[in-house]
Amino acid sequence: MSDKIFQEKIDAEKKIEPKDWMPEGYRRHLVRQISQHAHSEIIGMQPEGNWITRAPSLRAKMILLAKVQDEAGHGLYLYSACETLGVTRDELIQQLHDGNAKYSSIFNYPALSWADMGAIGWLVDGAAIVNQVSLQRTSYGPYSRGMIKICKEESFHQRQGYEIMAEMAKGTPEQKEMAQDALNRFWWPSIMMFGPQDSDSPRTGNAMKWKIKRQTNDELRQSFIDKTVPQAEVIGLTIPDPELKWNEKRGHYDFGEMDWEEFWNVVNGHGPCNKQRLAHHKRAHDNGKWVRNASQAYAQKQEKILKS
Ligand code: BYC
């Protein structure tokens, strides 16, 4: 098959499956994006995992525990989707540990209070859903199908976060202040999750041509802002952007400029928690070596029994 026939298939909205012919650039683009997405889910367990033992009630603890377990599941679907492109899980983890694979910038910010569990669910999962709903229509079959399942769980995550924020916002003045403080710290990093502006995004051209991405970074960011501003108004919290204003003509909110220097610093490994997140992942991976060895030995033993 040639690039031309491949592109015709994409343009006809046909899904590409693991055994189909694909250009090497398409395969590499997907391995990069899907593995970064998988790493984000797994590293994303850390800021929330940190609060499981300190949840304020048994109900809150059970919900948070379930959410963090869901993130592990999302990581596993995504690693599996990535492995269909001819790369092994070990190689992907090694790329993360060597600093050659990225994960979402948002997880390099600390979770300082219980209200941050609300802000993460509401804003971070909210941003993730906007992106992932769009990715349900991505051209690579296993990624697209993974996204459909992930989105179902992600909407529950967004609601649990919004519930925490709503409860705190109508609580004592101190609780409302905690909720506002969490919103102040997580707002800008959340809208940075959508990546650089379209004019500075080197990957968007091919991603749109190959229908890996169905909407650009700026389109998705705008859609998230339009959805989220009214939600903040309902619970009486203020989005920390003095330039935020409804634009009747555009039918969208106008918003202020992001701190792009901060964005690239965090993306390139110099955010507040980059070192800590990676060190924790390496430690957990090393500690889990005996489990991987044991399951491998068990599988080999089973194979021997089946052959004998
Ligand atoms: N953070 O040309 P661009 C979740 C990188 S987690 C870090 O626009 P692209 C959850 C980008 O990778 C949800 N890096 O690239 C879990 C590229 O680097 P390389 C995570 C970023 O790929 C637990 C370079 O900058 N979601 O749901 O077209 C708890 C140039 O950018 C970021 C996904 O991963 C960033 N924010 O667009 C709660 C979604 N932005 O590889 C929630 C899947 C950009 O060229 N990924 N970079 O060195 C995507 O949709 C796209 O990859 C992005 C970036 C929109 C993120």
Side-chain donor or acceptor of [X] paired with backbone N/O of [Y] under 3.5 Å:
{"X": "Arg221", "Y": "Gly195", "result": "yes"}
{"X": "Arg137", "Y": "Lys211", "result": "no"}
{"X": "Asp198", "Y": "Asp218", "result": "yes"}
{"X": "Ser223", "Y": "Glu219", "result": "no"}
{"X": "Lys15", "Y": "Ser144", "result": "no"}
{"X": "Gln95", "Y": "Ala101", "result": "no"}
{"X": "Gln160", "Y": "Leu64", "result": "no"}
{"X": "Arg27", "Y": "Leu85", "result": "yes"}
{"X": "Trp51", "Y": "Ala111", "result": "yes"}
{"X": "Arg250", "Y": "Tyr253", "result": "yes"}

Do [X] and [Y] land in one hydrophobic cluster if side-chain heavy atoms of ILVMFWY residues count as linked below 4.5 Å?
{"X": "Trp188", "Y": "Met193", "value": "yes"}
{"X": "Ile148", "Y": "Val130", "value": "no"}
{"X": "Leu76", "Y": "Val291", "value": "no"}
{"X": "Met62", "Y": "Trp114", "value": "no"}
{"X": "Leu123", "Y": "Val133", "value": "no"}

Out of curiosity, [X] [atom1] to [Y] [atom2], how far, rounded to the nearest 0.5 Å?
{"X": "Glu177", "Y": "Asn184", "atom1": "CD", "atom2": "CG", "answer": "10.0 Å"}
{"X": "Leu220", "Y": "Gln132", "atom1": "CG", "atom2": "CD", "answer": "11.0 Å"}
{"X": "Ser35", "Y": "Leu92", "atom1": "OG", "atom2": "CG", "answer": "5.5 Å"}
{"X": "Ile150", "Y": "Glu71", "atom1": "CD1", "atom2": "CD", "answer": "9.0 Å"}
{"X": "Asn50", "Y": "Gln46", "atom1": "CG", "atom2": "CD", "answer": "9.0 Å"}
{"X": "His281", "Y": "Ile43", "atom1": "NE2", "atom2": "CD1", "answer": "5.0 Å"}

- Parallel, tilted or perpendicular, as decided by the 30° and 60° cut-offs, for the rings of Tyr77 and His74: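 Ring orientation, 0 to 90° scale: tilted.
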- Message: In terms of relative ring orientation, are Phe224 and Phe194 parallel, tilted or perpendicular, with 30° and 60° separating the classes?
- Response: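 Tilted, since the angle between the ring planes falls between 30° and 60°.
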Less than 4.5 Å apart, side chain to side chain, heavy atoms only: is that true for [X] and [Y]?
{"X": "Gln158", "Y": "Gln231", "answer": "yes"}
{"X": "Phe6", "Y": "Met22", "answer": "yes"}
{"X": "Glu262", "Y": "Val266", "answer": "yes"}
{"X": "Leu112", "Y": "Arg185", "answer": "yes"}
{"X": "Ile106", "Y": "Ile120", "answer": "no"}
{"X": "Lys176", "Y": "Leu237", "answer": "yes"}
{"X": "Trp210", "Y": "Tyr140", "answer": "no"}
{"X": "Gln36", "Y": "Ser104", "answer": "no"}

- Message: Applying side chain to side chain contact (heavy atoms under 4.5 Å, CB included) to Thr172 and Gln175, what does each step give before you reach the verdict?
- Response: CA-CA 5 Å; Thr172 62; Gln175 285 171 326; 3.3 Å; yes
Other residues, nucleotides and ligands only: do more than 12 of their heavy atoms fall within 6.0 Å of [atom1] on [X]?
{"X": "Glu8", "atom1": "CD", "answer": "yes"}
{"X": "Lys14", "atom1": "NZ", "answer": "no"}
{"X": "Arg277", "atom1": "CZ", "answer": "yes"}
{"X": "Glu248", "atom1": "CD", "answer": "no"}

- Positive for side-chain contact (heavy atoms from CB on, under 4.5 Å) with Ile129, one of His157, Glu154, Glu153, Lys227: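 Answer to the side-chain contact (heavy atoms from CB on, under 4.5 Å) test with Ile129 among His157, Glu154, Glu153, Lys227: Glu154.
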- Query: Residues in side chain to side chain contact (heavy atoms under 4.5 Å, CB included) with Met208, at least two apart?
  - Reply: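 Residues passing side chain to side chain contact (heavy atoms under 4.5 Å, CB included) with Met208: Thr204, Lys213, Thr216.
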- Task: Could you tell me which residues satisfy side-chain hydrogen bond (donor to acceptor under 3.5 Å, both in side chains) with Asn108, sequence neighbours excluded, listed by chain and number?
- Result: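 Tyr103.
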- What do the steps show when you test Thr228 against Tyr162 for side chain to side chain contact (heavy atoms under 4.5 Å, CB included), and what is the final call? CA-CA 10 Å; Thr228 311; Tyr162 191 57; over 6 Å; no
- Taking 4.0 angstrom as the limit, do Glu13 and Arg214 come out as a salt bridge?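 Yes, charged N to carboxylate O under 4.0 Å.
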- Item | Residues Glu163 and Lys67 bridged, charged N to O under 4.0 Å |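 No, Glu163 and Lys67 are not salt-bridged.
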- Message: Let's go through Gln7 and Asp11 carefully: what are the C-alpha distance in whole Å and the side-chain angles of both, what is the deciding distance for side chain to side chain donor-acceptor pair (under 3.5 Å) to 0.1 Å, and is it a yes or a no?
- Response: CA-CA 6 Å; Gln7 191 59 46; Asp11 294 341; 3.1 Å; yes
- From CA spacing to verdict: side chain to side chain contact (heavy atoms under 4.5 Å, CB included), Arg203, Ile212: CA-CA 10 Å; Arg203 305 283 191 182; Ile212 292 174; over 6 Å; no
- Message: One pair to check against side chain to side chain donor-acceptor pair (under 3.5 Å): Gln222 and Asp226. What are the steps and the verdict?
- Response: CA-CA 6 Å; Gln222 182 73 63; Asp226 291 348; 3.0 Å; yes
- Message: Using every non-hydrogen atom in the two residues, find where Arg89 and Ser80 come nearest and quote the distance to one decimal.
- Response: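 Looking at all heavy atoms of both residues, the shortest contact is NH2-OG, 3.9 Å.
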- Message: Please give me the minimum heavy-atom distance between Gln136 and Cys151, naming the atom from each residue.
- Response: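 Minimum heavy-atom separation between Gln136 and Cys151: OE1-CB, 3.7 Å.
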- Message: Could you walk me through whether Glu243 and Asp254 satisfy the side chain to side chain contact (heavy atoms under 4.5 Å, CB included) test, starting with their C-alpha distance in whole Å, then the side-chain angles of each, then the deciding distance to 0.1 Å, before giving a yes or no?
- Response: CA-CA 7 Å; Glu243 289 173 55; Asp254 289 338; over 6 Å; no
